[in-house]
Protein chains: 4
Amino acid sequence: MSVMNEKKSLSRAERQKIQLRTDIIETASAEFAERGYHQTSISDIAQRLGIGHGTFYRHFKNKRDILDHVIDDVSSKIANTLLNENAPGAVNSLDDYREQCLRISKQLANIVRDNPNTARLVLLEATSIDPEMTQRIMGFFDWAAKLVSAYMEHGVKLGFFREDLDAEATGHVIVGLIMTSALSFLRSPDDKAMQKRMADAVLRILVDGIGA
Amino acid sequence: MSVMNEKKSLSRAERQKIQLRTDIIETASAEFAERGYHQTSISDIAQRLGIGHGTFYRHFKNKRDILDHVIDDVSSKIANTLLNENAPGAVNSLDDYREQCLRISKQLANIVRDNPNTARLVLLEATSIDPEMTQRIMGFFDWAAKLVSAYMEHGVKLGFFREDLDAEATGHVIVGLIMTSALSFLRSPDDKAMQKRMADAVLRILVDGIGA
Amino acid sequence: MSVMNEKKSLSRAERQKIQLRTDIIETASAEFAERGYHQTSISDIAQRLGIGHGTFYRHFKNKRDILDHVIDDVSSKIANTLLNENAPGAVNSLDDYREQCLRISKQLANIVRDNPNTARLVLLEATSIDPEMTQRIMGFFDWAAKLVSAYMEHGVKLGFFREDLDAEATGHVIVGLIMTSALSFLRSPDDKAMQKRMADAVLRILVDGIGA
Amino acid sequence: MSVMNEKKSLSRAERQKIQLRTDIIETASAEFAERGYHQTSISDIAQRLGIGHGTFYRHFKNKRDILDHVIDDVSSKIANTLLNENAPGAVNSLDDYREQCLRISKQLANIVRDNPNTARLVLLEATSIDPEMTQRIMGFFDWAAKLVSAYMEHGVKLGFFREDLDAEATGHVIVGLIMTSALSFLRSPDDKAMQKRMADAVLRILVDGIGA
DNA sequence: GATGAATGAGGTTTCATTCAT
DNA sequence: AATGAATGAAACCTCATTCAT
């Protein structure tokens with residue numbers, strides 16, 4: 001059997017197993033987001049999926065375990081977006097930067113729009129499970145801040161950002177702004193106008209500040 | 001006993017009762033923040049206070065009830081700070097505004113520093129209890145955003161903010177920045193240097209943006 | 001102080017104490033009947049009376065204790081009625097007997113009408129408290145049955161009851177009929193017509209049976 | 001496996017489940033009757049059965065729920081007896097009626113003898129649980145009274161009951177007599193002689209009254 | 001003597017997890 | 001491999017009773 005086939009020719013059973021695993025993660029994510037982690041029982045998830053609740057334990061160690069996987073999922077999704085869309089070398093002017101910001105923010109907006117549950121889970125639920133999870137979420141924010149910092153530094157070096165810009169701190173601030181936008185979206189997912197105004201306000205603040 | 005004294009001279013029993021009530025709120029707040037709302041049992045709170053757990057129920061209807069009171073407490077504290085420190089008429093230039101921002105942010109920083117538990121509770125725990133509480137927290141943020149918006153509009157009128165500033169959206173963004181700062185503080189409460197850098201970064205962004 | 005005065009000249013305090021005791025019994029009786037013994041808390045009784053619930057324990061040993069007193073009250077009331085109204089020697093014919101039955105049943109009906117709560121308490125609640133109380137209620141019924149039996153025997157001796165009448169068993173049956181009537185009253189206290197029909201039906205059965 | 005067998009051949013698991021359910025009802029019934037509903041905890045029932053108390057909740061929604069099922073059980077048992085044994089058309093004389101009374105009372109006596117717990121539960125406990133349950137018990141008595149009334153009317157029509165018999169009221173009275181007998185049995189289940197005397201006394205009263 | 005604050009035993013119920021089928 | 005019956009830890013909450021004021 002060729003290497004190429006190895007991935008394709010999973011047995012039907014194996015494919016089903018992987019599919020179920022994915023289904024469980026998605027359903028769990030939805031339930032956790034809708035009802036809250038503590039208010040969701042394993043039975044709730046199983047019932048929604050139409051499987052026996054014992055089956056859950058064939059795929060995940062315990063209730064806490066699945067949360068890790070749910071967070072894994074969304075983390076890598078966001079991380080990929082940021083990494084793919086950010087080509088530091090490609091940005092050579094404030095305008096380029098603005099372009100890139102717009103592009104990234106649209107991507108992130110899409111992720112949030114397509115996965116409101118996971119966004120809600122990360123921003124509203126996950127920080128209350130236990131210290132480890134809180135740490136993880138914070139760590140992810142830190143990672144994102146670091147990434148942003150690198151771009152800040154690049155921009156400072158190239159001279160289209162203020163020379164005295166505190167790249168690290170500003171990175172954190174920008175991540176905070178992104179989360180604020182996401183939160184705002186979650187509050188009124190259908191108010192497109194407000195979403196655009198928020199995005200614009202953030203961008204204008206970043207580029208021009210609020211001063212006259 | 002004079003009429004004037006009547007209010008001061010609560011009976012010893014009454015004073016003790018009020019004191020215990022306050023103690024319970026504080027202890028509950030601490031436990032909720034440290035271990036999380038769901039991980040904290042009424043017995044935990046009672047034990048830490050050295051009282052019987054039945055005593056708790058003489059002062060609060062149930063577990064959920066005390067959360068409301070804890071949130072009440074911190075809400076009014078923050079609201080008072082914002083209302084007292086903000087004298088819209090007094091701000092007549094960008095410099096005045098910067099001054100006021102510094103003053104308010106210091107006040108808020110103090111609140112967060114003095115009540116890290118409640119801050120942690122509001123920012124990390126409260127949004128996962130139930131929809132009502134989430135709504136309440138969000139509503140509080142909205143209220144703060146409205147307040148900030150009013151100042152933005154004032155500044156626009158007086159001409160020291162950009163004429164095309166979207167006051168409402170910007171209000172939300174600024175509240176988001178404040179929360180980001182608070183969250184940052186909670187992550188490393190002892191890193192004064194970082195706290196100052198964050199505050200500066202926020203202020204600089206607001207005043208100047210990040211552009212060169 | 002004369003013997004006569006001893007009863008009259010209780011101190012004000014003593015009179016108040018006795019009054020409160022009576023009030024507690026009455027209120028407890030009402031609450032027990034309305035909400036049920038187990039569903040009624042000492043606080044409920046105290047609150048309804050407008051006294052502190054600690055005060056209760058100055059007058060009664062515990063919750064169970066008051067039930068005994070409530071039952072005492074109603075027992076002696078009923079017992080007195082039966083004893084006073086029944087003058088065995090006075091009944092010398094079936095018609096006399098019918099008269100007496102009517103008289104007694106009216107008296108009992110009055111008691112039940114005036115104390116529906118205690119009736120409800122005895123018939124519906126008291127037998128579920130504990131074996132002792134059940135025993136007591138049953139014992140009271142037995143006592144009443146004995147009393148009735150004596151009259152039966154008297155009537156048999158005088159020849160206006162069947163010679164082969166089983167006085168003891170019939171006594172029990174008649175007490176059962178009385179309780180049935182009382183229960184019927186409790187179900188629809190305002191349906192006077194039905195009450196009369198029940199009383200008539202009982203009387204006719206006793207005197208004539210149901211046969212043609 | 002044939003289609004016919006499908007209904008009979010419940011899986012072993014299903015049969016066990018139904019068996020346990022029945023066992024729980026019986027044990028609960030016994031405990032409620034022996035110790036009283038309020039004095040019985042779910043743990044008591046579970047312990048007596050040798051199961052974990054959580055298991056109880058897999059079969060019944062809550063403590064109140066099982067009471068309903070227990071009452072369901074006994075209600076339908078009694079109802080069936082009355083309905084099966086009563087063939088209105090078959091009774092055409094007072095003697096026939098006396099025969100039928102004897103037959104029915106024996107059947108009921110058997111039920112009470114075989115299920116003293118449920119009898120005790122219905123007569124002594126159930127009326128103190130809550131208004132709904134009291135209503136239910138009373139409603140059942142009403143239903144039985146209606147049934148008896150129908151027979152009374154039949155007898156009046158055929159002329160072997162008094163023409164002026166108040167069928168409805170008498171129906172209630174007779175149900176009361178039945179309950180009185182049952183109660184008497186519960187007091188001394190082993191005194192067969194007394195039970196016979198009670199039954200005879202009731203029958204004689206019904207047929208002949210007590211007069212000479 | 002009256003009060004009501006404090007207490008904790010005791011009860012109900014939920015649900016994550018295990019394991020026999 | 002899937003199931004769901006069984007389990008009991010653990011939480012919430014009530015309330016009879018005590019006792020200091």
Side-chain angles (χ1 to χ4, degrees), chain A residues 13-14 16-17 20 38-47 49-66, chain B residues 11-14 16-17 19-21 38-47 49-65, chain C residues 13-14 16-17 20 38-47 49-66, chain D residues 11-14 16-21 38-47 49-66:
Chain A
E14 278 167 322
Q16 273 190 336
K17 181 168 178 175
L20 180 50
H38 287 104
Q39 287 75 33
T40 301
S41 70
I42 298 295
S43 291
D44 288 333
I45 299 170
Q47 225 165 356
L49 264 171
I51 62 172
H53 68 272
T55 308
F56 174 92
Y57 288 91
R58 304 216 138 265
H59 296 268
F60 299 93
K61 219 174 60 206
N62 53 35
K63 188 181 176 183
R64 179 61 172 70
D65 187 31
I66 198 168
Chain B
S11 73
R12 190 172 144 66
E14 277 167 321
Q16 271 187 338
K17 184 169 180 172
Q19 180 58 48
L20 179 51
R21 214 189 123 87
H38 286 105
Q39 288 75 32
T40 301
S41 74
I42 299 297
S43 291
D44 288 333
I45 299 171
Q47 226 162 356
L49 265 169
I51 63 174
H53 72 270
T55 306
F56 173 92
Y57 289 94
R58 293 191 57 71
H59 296 267
F60 299 94
K61 222 173 61 211
N62 52 38
K63 190 181 174 182
R64 179 53 210 284
D65 188 32
Chain C
E14 278 167 321
Q16 272 188 337
K17 182 169 178 174
L20 180 51
H38 287 104
Q39 287 76 33
T40 301
S41 71
I42 298 295
S43 290
D44 288 332
I45 299 171
Q47 225 164 355
L49 264 171
I51 63 172
H53 68 271
T55 308
F56 174 92
Y57 287 91
R58 303 216 138 266
H59 297 268
F60 298 94
K61 217 173 62 205
N62 53 35
K63 188 182 175 182
R64 181 59 173 67
D65 186 32
I66 199 169
Chain D
S11 73
R12 191 172 144 67
E14 277 167 320
Q16 271 188 339
K17 185 169 180 173
I18 290 171
Q19 181 57 48
L20 180 51
R21 213 189 124 87
H38 287 106
Q39 286 76 30
T40 301
S41 73
I42 299 297
S43 291
D44 289 333
I45 298 171
Q47 227 162 357
L49 265 170
I51 62 173
H53 69 272
T55 306
F56 172 92
Y57 287 94
R58 293 191 56 72
H59 296 267
F60 299 94
K61 225 174 58 210
N62 52 37
K63 188 180 174 182
R64 179 53 209 286
D65 188 31
I66 199 171

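Note that the structure is predicted; figures quoted are calculated from it, not measured. Every chain is numbered from 1, with letters handed out A, B, ... down the list of sequences.
Whole-Å rounding puts the C:Gln39 CD to E:dT12 P distance at 13 Å. Rounded to whole Å, the distance from CZ on A:Arg58 to P on E:dT17 is 16 Å. Counting to the nearest Å, the P atom of F:dT3 and the CD1 atom of A:Ile42 are 15 Å from each other. Atom-to-atom, OH of C:Tyr57 to C1' of F:dA16 comes out at 4 Å; the value is rounded to the nearest Å. Remark: C1' of F:dT17 and CD1 of C:Ile45 are 14 Å apart, rounded to the nearest angstrom. The separation between B:Leu20 atom CG and E:dA6 atom P is 5 Å, rounded to whole Å. Note: CD (D:Glu14) to C1' (F:dT3) measures 13 Å, nearest angstrom. If you measure from atom CG of A:Leu49 to atom P of F:dT3, you get 10 Å, rounded to the nearest angstrom.
The line from CD1 of C:Ile42 to CD1 of C:Ile45 is 4.5 Å long, rounded to the nearest 0.5 Å. Taking NE2 of B:His38 as the reference point, atom NZ of B:Lys63 lies at 6.5 Å (rounded to 0.5 Å). From A:Ser43, atom OG reaches atom NE2 of A:His53 across 5.0 Å, with rounding to the nearest 0.5 Å.
Mapped onto DNA chain E by nearest heavy atom, A:Asn62 and C:Gly52 fall at different nucleotides, with C:Gly52 at the one closer to the 5' end. Of the two residues contacting DNA chain F, namely B:Ser43 and C:Phe56, the nearest-nucleotide position lying further toward the 5' end is that of B:Ser43. In this structure, C:Arg64 and D:Gln16 both approach DNA chain F, and ranking their closest nucleotides by distance from the 5' end singles out D:Gln16. Across the interface with DNA chain E, nearest-nucleotide mapping of D:His38 and B:Gly54 shows B:Gly54 to be the residue nearer the 5′ end.
Between C:Thr55 and the phosphate of E:dT3, there is a side-chain N or O to OP1/OP2 separation shorter than 4.0 Å.
Each of B:Gln16, B:Arg58, B:His59 was scored for a side-chain contact (heavy atoms from CB on, under 4.5 Å) with B:Arg21, with one residue passing: B:His59.
Across F:dC12, E:dG11, F:dT18, the shortest atom-to-atom separation from the side chain of D:Ser41 is found for E:dG11. Of the candidate nucleotides F:dT17, F:dT14, F:dA11, F:dT17 has the atom nearest to the side chain of C:Lys63.
Counting non-hydrogen atoms under 4.0 angstrom, B:Lys17 reaches the backbone sugars and phosphates but no base. The residue B:His59 sits close only to the backbone: its heavy atoms come under 4.0 Å of sugar-phosphate atoms, none of a base.
For DNA chain E, runs of at least 3 consecutive pairs of the Watson-Crick or G-U wobble type, with both hydrogen-bonding distances under 3.5 angstrom, map to E:2-21 with F:2-21.
The shortest non-hydrogen separation linking A:Ile66 to A:Phe56 is CD1-CE1, 3.6 Å.
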* D:Leu49 and D:Thr55: side-chain contact (heavy atoms from CB on, under 4.5 Å), yes or no, with the steps? -> CA-CA 11 Å; D:Leu49 265 170; D:Thr55 306; over 6 Å; no

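Remark: the D:His53 side chain and the E:dT13 base include a donor-acceptor N/O pair separated by less than 3.5 Å.
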